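It should be emphasised that the depicted structure is a prediction, and the values quoted were computed from it without experimental measurement. Below, read A as the first sequence line, B as the second, and so on, with proteins coming before strands; counting in each chain starts at 1.
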Number of protein chains: 2
Amino acid sequence: MSNYSIQNIDRFSAVFSALSNPHRLQIYTLLSGCCPPGSACNVNSIHSCCVGDLGNELDIAASTLSHHLKELSHAGLINMQREGKQIICSINNDMLDAIRQYFQVNSEVHNEPEAG
Amino acid sequence: MSNYSIQNIDRFSAVFSALSNPHRLQIYTLLSGCCPPGSACNVNSIHSCCVGDLGNELDIAASTLSHHLKELSHAGLINMQREGKQIICSINNDMLDAIRQYFQVNSEVHNEPEAG
DNA sequence: TCTATATTTCGAGATATGTCGAACTATAGT
DNA sequence: ACTATAGTTCGACATATCTCGAAATATAGA
């Protein structure tokens, strides 16, 4: 299978566009369960959190944060669902798998010695 | 290990920025040895090719192509080396590994049931 | 219904990006 | 030295992106 189709190119360039902004990548990385600076790296780290929690890490205006979250969501990278007054954000694992696939495919098919 | 450091965020957001443009992602995908439309997908597909070859696939001005290649190169995604009159482009496999790592790390560390 | 909290939408300004054509540089062959 | 081929640099313009503050919407509780 090939990554080379207009659809794939457009779909994934939109995904990488969403991850191209440092603030958005920081959000995505936080949601990936990774360890914020100063915290121990353990399995209790966040895998989902509300918009306000993210805002506490980022030092940007709430409206800017909201804008970035919308971009990540539209690209299919994260899920957002309301829970009471808050909106909970989490990684979309299907898209994460698709990205991994994107960077895996070619080497599997091609990186072999040129057997006759 | 964590992806969460200013250096990593800045480094990888620059990488994703390079991949966020459809033309650049197309170039990168072509160089990944993937099959251009209409060609058979086999191990003899290109893994490196010169600037002109890429230009034949893309339908953009030579100056635009040159600009895009510089971006990919500066981000560390591809190698460029002169061979006679031509300049040969190829995937930088170290960076490809780093990207794979980036999307792998967190799940390995965190995606387990919360054992006491 | 009034208030407080959480988040989004809107409008505007500053900066970054993508694109082109024209002019330039580098290499190889005659 | 001259010519042809391969690719880059420069300057300009159009469009997209990032950011903010102010105003609006949504939910929960008194």
Side-chain angles (χ1 to χ4, degrees), chain A residues 6 9-31 46 48-92, chain B residues 6 9-31 46 48-92:
Chain A
I6 304 290
I9 294 290
D10 286 351
R11 176 175 171 230
F12 282 100
S13 66
V15 166
F16 298 133
S17 185
L19 295 176
S20 71
N21 177 277
H23 286 144
R24 284 197 296 267
L25 188 57
Q26 196 177 353
I27 293 166
Y28 188 79
T29 305
L30 278 167
L31 289 176
I46 48 170
S48 74
C49 61
C50 72
V51 175
D53 292 344
L54 293 169
N56 291 334
E57 302 281 343
L58 288 201
D59 197 36
I60 54 177
S63 55
T64 305
L65 174 58
S66 184
H67 163 70
H68 285 321
L69 288 172
K70 196 158 74 173
E71 299 254 317
L72 287 167
S73 174
H74 282 175
L77 282 159
I78 65 170
N79 310 122
M80 299 178 75
Q81 66 186 121
R82 184 173 282 276
E83 242 168 68
K85 271 191 288 189
Q86 303 179 328
I87 292 182
I88 304 295
C89 306
S90 60
I91 293 289
N92 178 351
Chain B
I6 303 290
I9 294 291
D10 286 351
R11 176 176 172 230
F12 282 101
S13 67
V15 165
F16 298 134
S17 184
L19 295 176
S20 72
N21 177 277
H23 286 145
R24 285 198 296 267
L25 187 56
Q26 197 177 353
I27 294 166
Y28 188 78
T29 306
L30 278 168
L31 289 176
I46 48 169
S48 74
C49 61
C50 72
V51 175
D53 291 345
L54 293 168
N56 291 335
E57 301 281 343
L58 287 200
D59 198 35
I60 54 177
S63 56
T64 305
L65 174 58
S66 185
H67 163 71
H68 284 322
L69 289 172
K70 195 156 73 174
E71 299 255 317
L72 288 167
S73 176
H74 281 174
L77 282 160
I78 66 169
N79 310 121
M80 299 178 76
Q81 66 185 123
R82 185 173 281 278
E83 241 167 69
K85 273 190 290 190
Q86 303 179 328
I87 291 182
I88 304 296
C89 306
S90 61
I91 293 289
N92 178 352

Relative to each other, are the rings of A:His23 and A:His68 parallel, tilted or perpendicular (30° and 60° limits)?
tilted

So B:Ile60, base contact, sugar-phosphate only, or nothing? Heavy-atom distance under 4.0 Å. sugar-phosphate

Presence of B:Thr64 side-chain N/O under 4.0 Å of C:dC20 phosphate oxygens OP1/OP2: yes

Item to complete: Give one of base, sugar-phosphate or nothing for A:His68, where a contact means two heavy atoms less than 4.0 Å apart.
Response: sugar-phosphate

To the nearest angstrom, the CG-C1' distance between B:Asn21 and D:dT15 comes to 13 Å

Any donor-acceptor pair under 3.5 Å joining the side chain of A:Ser63 to the base of D:dG21? yes

Assert: residue with more 5' nearest nucleotide on DNA chain D, out of A:Ser20 and B:Ile87, is B:Ile87

Atom CD of A:Glu71 and atom P of D:dT17 are separated, to the nearest Å, by 7 Å

task = Measure from the side-chain N and O atoms of A:Arg11 to the backbone N and O of A:Ser13, and report whether any donor-acceptor pair falls under 3.5 Å.
result = no

Atom CG of B:Leu69 and atom P of C:dT19 are separated, to the nearest Å, by 13 Å

B:Met80 atom CE is separated from D:dA6 atom C1', nearest whole Å, by 11 Å

Separation of D:dG29 atom C1' from A:Lys85 atom NZ, nearest Å, is 8 Å

So, B:Arg24 side chain and B:Ser17 main chain: donor-acceptor pair closer than 3.5 Å or not? yes

Shortest non-hydrogen pair, A:Pro22 vs B:Ile9, comes out as O-CG2, 3.5 Å

Item checked: Under 4.0 angstrom between B:Lys70 side-chain N/O and D:dT9 OP1 or OP2 -> yes

Per atom distances to the B:Ala61 side chain, the nearest of D:dT8, C:dC20, C:dT19 is C:dC20

Between CG of B:Leu19 and C1' of C:dG18 the distance, given in whole Å, is 16 Å

message = Does A:His23 reach a base, just sugar-phosphate, or nothing at all? Heavy atoms under 4.0 Å.
response = sugar-phosphate

Atom CG of B:Leu72 and atom P of C:dG18 are separated, to the nearest Å, by 11 Å

Atom CD of A:Glu83 and atom P of D:dA26 are separated, to the nearest Å, by 19 Å

Exercise. Phosphate oxygens OP1/OP2 of C:dT8: is one of them under 4.0 Å from a side-chain N or O of A:Ser66?
Worked result: yes

inquiry  = So does A:Ala62 get a backbone contact from the side chain of A:Ser66, meaning a donor-acceptor N/O pair under 3.5 Å?
reply    = no

**Prompt:** Is any side-chain nitrogen or oxygen of A:Arg24 closer than 4.0 Å to OP1 or OP2 of D:dC18?
**Reply:** yes

